[in-house]
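What follows is a structure written as structure tokens; I'll ask about it next.
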Amino acid sequence: MILELDAGNTRIKWRLVDETGTNTLASSNASDLDDDSAGAGLFTQLNAHSSGILKRVRVSNVRGERFEERLTDYMFENCQLKPEFARVQNQCQGVTNSYQNTQSMGVDRWLVMLAAYAGSGSACCILDCGSAMTFDWINYEGKHMGGFIVPGLNMLQGSLARKSSALDVVLEDWSVPAPGKSTSAAISQGIHAMVTGFIRQCRELSNDKEKDASWYLTGGDANLISKQLNWTHKVENDLVLDGLRLALP
């Protein structure tokens with residue numbers, strides 16, 4: 001059995017797959033970390049599933065060295081295994097990175113690009129709707145054309161809340177975009193306008209060169225944002241995990 005683990009900034013996702021990588025045997029879609037940066041909650045979950053039966057551990061980690069060290073110690077002590085941590089590369093699985101300094105790119109972005117390009121087999125655009133929202137575009141030759149990074153939904157709302165408690169609201173329904181007639185509605189609809197405007201700009205840029213590019217959405221807010229898009233796209237919540245088997249075959 002193989003453990004595939006996505007340690008993000010605010011959540012940890014993991015799944016256990018068979019040795020072919022085709023069948024998921026157990027998973028956790030969102031392990032909240034709260035203030036425990038070392039991931040003790042994750043270890044509690046894994047104790048119930050993985051002790052003594054794992055063959056490999058593949059990891060995407062953007063939580064830093066402390067988490068990597070703790071996970072390495074845990075896996076050695078409990079499973080006698082050394083985790084394999086994915087790293088950003090200049091080229092992998094037909095995808096060529098546009099970054100000169102590849103280590104300045106988050107490994108999660110790299111992995112979703114690998115998975116999306118493998119899935120599409122041609123030009124693709126990836127919108128990762130997490131705590132930060134990222135857009136990356138790969139042309140039909142597999143060349144990364146660059147990307148954008150902007151605040152995600154909760155980060156946008158939180159930036160207002162930090163300035164005034166009166167602006168600390170719960171984001172409302174986006175089903176009918178319109179100017180808000182309350183503070184809560186005005187913030188929700190304003191964020192909606194900013195996010196959808198950003199996404200449409202990304203589409204216009206990519207359409208100038210690749211009109212038939214496949215679109216992928218991933219991340220915690222992907223399902224919500226998917227409802228706002230009026231063009232063909234796929235919501236794939238496990239692109240980071242899917243990319244691990246490509247980066248670490």
Side-chain angles (χ1 to χ4, degrees), residues 1-31 33 39 41-43 45-46 49-50 53-65 67-76 78-79 81-97 99 102-121 124 126-132 134 136 138 142 144 147 214 216-220 222 234-249:
M1 214 163 46
I2 301 170
L3 170 65
E4 297 174 335
L5 192 149
D6 170 15
N9 289 310
T10 57
R11 299 186 304 170
I12 291 180
K13 298 173 67 176
W14 60 266
R15 67 187 178 191
L16 292 169
V17 298
D18 62 20
E19 293 189 42
T20 68
T22 57
N23 298 305
T24 298
L25 307 177
S27 66
S28 172
N29 289 327
S31 299
L33 296 181
L42 166 70
F43 303 149
Q45 291 183 19
L46 293 180
H49 295 281
S50 63
I53 56 175
L54 287 180
K55 301 298 184 183
R56 295 182 67 186
V57 182
R58 301 185 180 117
V59 186
S60 167
N61 174 38
V62 298
R63 295 195 60 79
E65 292 182 4
F67 179 83
E68 184 167 325
E69 291 168 358
R70 284 289 303 276
L71 181 65
T72 298
D73 290 344
Y74 170 87
M75 287 299 167
F76 181 77
N78 290 271
C79 306
L81 288 175
K82 182 178 180 180
E84 302 166 48
F85 291 90
R87 308 297 184 195
V88 182
Q89 299 172 274
N90 291 314
Q91 193 171 41
C92 182
Q93 300 289 345
V95 178
T96 301
N97 202 327
Y99 275 34
T102 57
Q103 297 311 303
S104 68
M105 174 182 282
V107 69
D108 50 351
R109 279 180 68 198
W110 178 239
L111 294 174
V112 299
M113 286 193 282
L114 297 183
Y117 186 70
S120 67
C124 56
I126 309 104
L127 188 71
D128 192 334
C129 312
S131 53
T134 64
D136 287 290
I138 301 172
H144 180 226
S214 300
Y216 291 85
L217 269 63
T218 193
K234 296 180 180 179
V235 176
E236 299 282 358
N237 291 317
D238 292 330
L239 281 181
V240 173
L241 296 175
D242 293 341
L244 277 171
R245 68 188 60 175
L246 297 171
L248 299 168

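For clarity, every value in this text was computed on a predicted model and none was experimentally measured. Throughout, numbering of the chain's residues begins at 1 and tracks the sequence.
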List the atom of Ala222, the atom of Cys129, and the distance in Å for their closest heavy-atom pair.
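Closest pair (atom of Ala222, atom of Cys129, distance): N-CB, 3.8 Å.
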Could you report the tightest heavy-atom contact between Leu246 and Ala118, atom names first, then the distance?
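Closest approach of Leu246 to Ala118: CD1-CB, 3.8 Å.
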Just wondering, do Val112 and Asp136 contact through their side chains at under 4.5 Å, heavy atoms?
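Counting from C-beta outward, Asp136 and Val112 never come under 4.5 Å.
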Does the pair Asp238 and Lys13 meet the rule for a salt bridge (Lys or Arg N to Asp or Glu O under 4.0 Å), with working shown?
CA-CA 9 Å; Asp238 292 330; Lys13 298 173 67 176; 3.0 Å; yes
Partner of Phe85 by side chain to side chain contact (heavy atoms under 4.5 Å, CB included), out of Leu248, Val57, Thr72, Leu5
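Between Phe85 and the candidates, side chain to side chain contact (heavy atoms under 4.5 Å, CB included) is satisfied uniquely by Thr72.
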Does a donor on one side chain sit under 3.5 Å from an acceptor on the other, for Thr218 and Glu236?
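No pair is found: no donor N or O on one side chain lies under 3.5 Å from an acceptor on the other.
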Between Arg109 and His144, is a side-chain contact (heavy atoms from CB on, under 4.5 Å) present by the stated rule, with each step listed?
CA-CA 11 Å; Arg109 279 180 68 198; His144 180 226; 4.2 Å; yes
If you take all heavy atoms of Gln91 and Trp110, which pair is closest and at what distance?
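Here Gln91 and Trp110 meet closest at C-CZ2, 4.2 Å.
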At what distance, to the nearest 0.5 angstrom, does CG of Asn97 lie from CG of Asn90?
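Here the rounded value is 6.5 Å.
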For residues Met113 and Met105, determine if any side-chain heavy atom of one lies less than 4.5 Å from a side-chain heavy atom of the other.
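Side chain of Met113 against side chain of Met105, heavy atoms only: contact under 4.5 Å found.
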Side chains of Val240 and Val107, heavy atoms from C-beta outward: is any pair under 4.5 Å?
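No, every pair of side-chain atoms sits at 4.5 Å or beyond.
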Side chains of Val17 and Arg245: does their closest heavy-atom pair fall under 4.5 Å?
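When only atoms from C-beta onward are counted, Arg245 and Val17 do touch, with a gap below 4.5 Å.
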